[in-house]
Amino acid sequence: QVHLEESGGGLVQPGGSLRLSCAPSRRTSNYNDMGWFRQAPGKERELVVAINWSGSNTYYGDSVKGRFTISRDNAKNTVYLQMNSLKPEDTAVYYCAAGTMITTQTMSVLYWGQGTQVTVSS
């Protein structure tokens, strides 16, 4: 079992920035990709960003392109999500995930983080 430890959520004003972090408890061979999903009240959970182990391939949902950046530091075994120019519609619980991208837009998730709340409001 792999535990994904998340941190960095909170309350921010529109136009502000936040950085989320996700640190797996260990690296195993059964997942190569990591990403962040989000789920707003009354909506389905959606994949927002993803990155492969080497960092050579990334995925960004249309709603966050140009504003969010996913990166990873394998020496620290940590994945980061830098969120800039935040909008009220970015408000959601953000979940770190580890698994395998099975299409360019879909991840098969093996492990989930506990979720961290991001609220964008004035």
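Heads up: numbering here begins at 1 and tracks the sequence. Note that the coordinates shown come from a computational prediction; the quantities given were computed from them, not determined experimentally.
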[X] versus [Y]: any side-chain heavy-atom pair under 4.5 Å?
X     : Y      : answer
Arg19 : Leu81  : no
Cys96 : Met34  : yes
Trp53 : Asp33  : no
Tyr60 : Val48  : no
Thr91 : Gln117 : yes
Leu18 : Leu86  : yes
Trp36 : Glu6   : yes
Tyr80 : Leu20  : no

Same cluster or not: are Leu4 and Val109 linked, directly or through other Ile, Leu, Val, Met, Phe, Trp or Tyr residues, by side-chain heavy atoms under 4.5 angstrom apart? no

Hphob cluster co-occupancy, Met101 + Tyr31, side-chain heavy atoms under 4.5 angstrom: no

Assess, by modelled atom type and distance only, whether the side chains of His3 and Gln1 contain a donor and an acceptor separated by less than 3.5 Å. no

Donor + acceptor pair across side chains of Ser17, Asn84 (<3.5 Å): yes

By side chain to side chain donor-acceptor pair (under 3.5 Å), Lys43 pairs with (sequence neighbours left out) none

Interatomic distance, CZ@Arg27 vs CG@Asn74, rounded to 0.5 Å, equals 8.0 Å

Between OG on residue Ser21 and CD on residue Glu5, distance to nearest 0.5 Å: 10.5 Å

Check the pair Asp90, Arg67 against side chain to side chain contact (heavy atoms under 4.5 Å, CB included), reporting the backbone distance first and the verdict last. CA-CA 11 Å; Asp90 294 318; Arg67 300 188 299 121; 2.7 Å; yes

Kindly indicate, with the supporting measurements, whether the criterion side-chain hydrogen bond (donor to acceptor under 3.5 Å, both in side chains) is fulfilled by Thr119 and Ser121. CA-CA 6 Å; Thr119 302; Ser121 175; over 6 Å; no

May I have the step-by-step check of side chain to side chain contact (heavy atoms under 4.5 Å, CB included) for Tyr59 and Ile70, ending in yes or no? CA-CA 9 Å; Tyr59 163 79; Ile70 188 169; over 6 Å; no

For Trp112 together with Phe37, are the ring centres under 6.0 Å from each other? yes

Pair listing, side chain to side chain donor-acceptor pair (under 3.5 Å) test, anchored in residues 93-109, at least two apart: Arg38-Tyr94, Thr103-Thr106

Can you tell me if Glu89 has over 12 outside heavy atoms packed within less than 6.0 Å of its CD? yes

Quick one: does any side-chain atom of Ser56 pair with a main-chain N or O of Ser54 as donor and acceptor, under 3.5 Å? no

Residues that Asn30 engages under side-chain contact (heavy atoms from CB on, under 4.5 Å), provided they are two or more places apart: Thr28, Leu110, Tyr111

Take Val49 and Val64 through the side chain to side chain contact (heavy atoms under 4.5 Å, CB included) test and state the conclusion after the steps. CA-CA 8 Å; Val49 295; Val64 304; 4.1 Å; yes

